[in-house]
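So the structure is just underneath, and the comments pick up after that.
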Amino acid sequence: MQSPCLAKPPFHLAIIMDGNGRWAARRGLPRTAGHKAGGEALRRVCEAAPDLGVTTLTVFGFSTYNWARPRAEVAGLMRLFARYMDREAAYCLERGARLSLIGRRDRLPRRLVTRMAEVEAMTAHGQGLHLRIALDYSARDSIEQAARCWRGEEDRFASLIAQADTASATDVDLLIRTGGDRRLSDFLLWESAFAELYFTDQMWPDFDGESLAEAVAEFRGRQRAGGLIGGVLQPDLKHLSRREREGPMRSMGG
């Protein structure tokens with residue numbers, strides 16, 4: 001996480017870290033061993049990400065739907081998250097990284113929530129990699145909550161969904177999912193509207209800096225239109241009213 005990101009163009013990488021349990025089962029280990037190995041994989045990726053141009057990294061740590069897992073596994077995950085906060089605080093400070101959490105906090109263990117808030121405050125001014133961990137997170141819930149609080153400003157709506165300031169509410173450029181499944185599983189649905197998707201059969205505990213470099217290289221090799229049609233930049237319609245934006249679509253039968 002050594003590289004500062006101020007001079008770099010924003011590059012938001014999101015990862016669905018899937019396959020911990022299956023990785024452990026194939027080795028005759030308890031699922032908690034897979035989650036622990038997944039924490040080590042996250043450290044490797046965080047170390048490699050800045051040199052690949054990544055400025056923001058958002059990872060799916062615990063879905064709202066994961067509460068339905070066996071109670072012992074959930075309890076083990078919560079202990080693992082608490083230890084991760086303790087371990088990574090000094091690591092982030094040393095490298096000028098920023099760590100923040102997205103998702104609900106009212107159902108998480110009190111000790112974990114307290115420690116999370118402490119680490120966020122300690123690393124708030126970090127100018128290196130911004131690591132965002134999604135805990136008890138559901139993109140649908142985030143969108144619903146943002147809609148309830150929205151007062152009409154488009155940028156503000158994105159910030160409400162991201163649970164962050166406007167500057168941090170950036171769209172995802174590349175979304176990686178490990179473990180073989182090919183779906184978004186209610187993760188960053190709004191922010192990933194125009195993201196490039198990269199799926200791999202590799203289990204998350206086996207994912208490392210080289211794996212990340214391969215994914216980023218493929219991403220950079222893809223031709224992204226970015227609003228272009230036939231090489232011609234289309235007009236920015238954000239400043240128009242909804243009626244004015246939809247007018248051309250109606251005339252084309254859209």
Side-chain angles (χ1 to χ4, degrees), residues 5 8-19 38 41-42 45-46 48-65 98-103 129-135 137-147 154-204 207-229 231 233-234 236-238:
C5 66
K8 295 181 179 180
F11 180 5
H12 188 173
L13 170 67
I15 304 180
I16 300 175
M17 307 179 294
D18 199 13
L42 179 55
V45 167
C46 287
D51 289 336
L52 295 170
V54 177
T55 55
T56 301
L57 171 61
T58 304
V59 296
F60 209 175
F62 189 84
S63 165
T64 293
Y65 308 101
R98 178 183 174 191
L99 192 150
S100 58
L101 284 295
I102 61 173
L129 179 70
H130 184 187
L131 173 61
R132 303 165 72 234
I133 302 178
L135 295 182
Y137 175 84
S138 160
R140 287 181 172 180
D141 285 353
S142 295
I143 293 170
E144 179 182 345
Q145 292 300 320
E154 187 168 338
D155 288 345
R156 175 62 176 159
F157 188 65
S159 299
L160 288 168
I161 292 175
Q163 302 173 27
D165 55 87
T166 302
S168 300
T170 59
D171 285 347
V172 172
D173 296 292
L174 171 63
L175 187 148
I176 298 173
R177 179 168 188 153
T178 61
D181 288 333
R182 285 155 171 76
R183 56 179 181 269
L184 296 181
S185 296
D186 198 18
F187 182 53
L188 299 180
L189 301 181
W190 177 277
E191 298 91 329
S192 299
F194 298 101
E196 292 291 323
L197 307 180
Y198 180 92
F199 300 107
T200 175
D201 293 334
Q202 190 175 27
M203 299 298 165
W204 175 246
F207 203 83
D208 56 18
E210 184 176 343
S211 307
L212 179 61
E214 292 176 1
V216 171
E218 180 175 317
F219 162 74
R220 297 197 184 282
R222 297 178 185 178
Q223 184 175 359
R224 306 185 77 198
L228 297 173
I229 299 179
L233 182 64
Q234 299 307 296
D236 184 359
L237 303 181
K238 286 185 178 180

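When reading the values below, keep in mind they use all heavy atoms of this one structure, side chains included, and skip hydrogens, waters and symmetry mates.
In this pair, Phe187 and Tyr137 present their aromatic rings perpendicular. The plane angle is above 60°, beyond the 30 to 60° band.
Residues Phe11 and Val216 have side chains in contact (heavy-atom distance under 4.5 Å, counting atoms from C-beta outward).
For Ser100 (side chain) and Arg132 (main-chain N/O), no donor-acceptor pair under 3.5 Å exists by modelled atom type. Asp186 places a side-chain N or O within 3.5 Å of a backbone atom of Arg140 that can act as its donor or acceptor partner.
The heavy-atom pair separating Gln202 from Ser211 by the smallest distance is OE1-OG, 3.1 Å. The two residues Gly209 and Ala48 come nearest to each other via the heavy atoms CA-CB, 3.6 Å. Summarising the geometry of Val45 relative to Phe207, their closest heavy-atom pair is CG2-CD2, 3.7 Å, with the distance given to 0.1 Å. The two residues Phe60 and Ser185 have their closest heavy-atom pair at CE1-O, 3.5 Å. The shortest heavy-atom contact between Leu174 and Ala215 is CD2-O, 4.1 Å.
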List the steps and the verdict of side-chain contact (heavy atoms from CB on, under 4.5 Å) for Thr58 and Val172. CA-CA 9 Å; Thr58 304; Val172 172; 6.0 Å; no
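Here the CD atom belonging to Gln145 is positioned 11.5 Å from the CD1 atom belonging to Ile143, to the nearest 0.5 angstrom. The CZ atom of Phe199 sits 7.0 Å away from atom CG of Leu175, with the distance rounded to the nearest 0.5 Å. Of the inter-residue distances, the one linking Thr56 atom OG1 with Arg98 atom CZ reads 8.5 Å to the nearest 0.5 angstrom. In this structure, CG in Leu189 is found 9.0 Å from OG in Ser142, a value given to the nearest 0.5 Å. For the atom pair CG of Asp173 and OG1 of Thr55, the computed distance is 7.5 Å after rounding to the nearest 0.5 Å. Within the model, atoms OG1 of Thr200 and CD of Glu214 stand 8.5 Å from one another, a figure rounded to the nearest 0.5 Å.
Surrounding CZ of Phe194 are at most 12 heavy atoms belonging to other residues, nucleotides or ligands under 6.0 Å away.
Each of Arg183, Arg177, Arg182 was checked for a salt bridge (charged side-chain N to carboxylate O under 4.0 Å, His left out) with Asp18, and the lone residue meeting it is Arg177. Among the candidates Leu99, Leu131, Val54, the single residue satisfying the side-chain contact (heavy atoms from CB on, under 4.5 Å) test with Cys46 is Leu131. Across Ile176, Leu42, Val59, Ile16, a single residue satisfies side-chain contact (heavy atoms from CB on, under 4.5 Å) together with Trp204, and that is Leu42.
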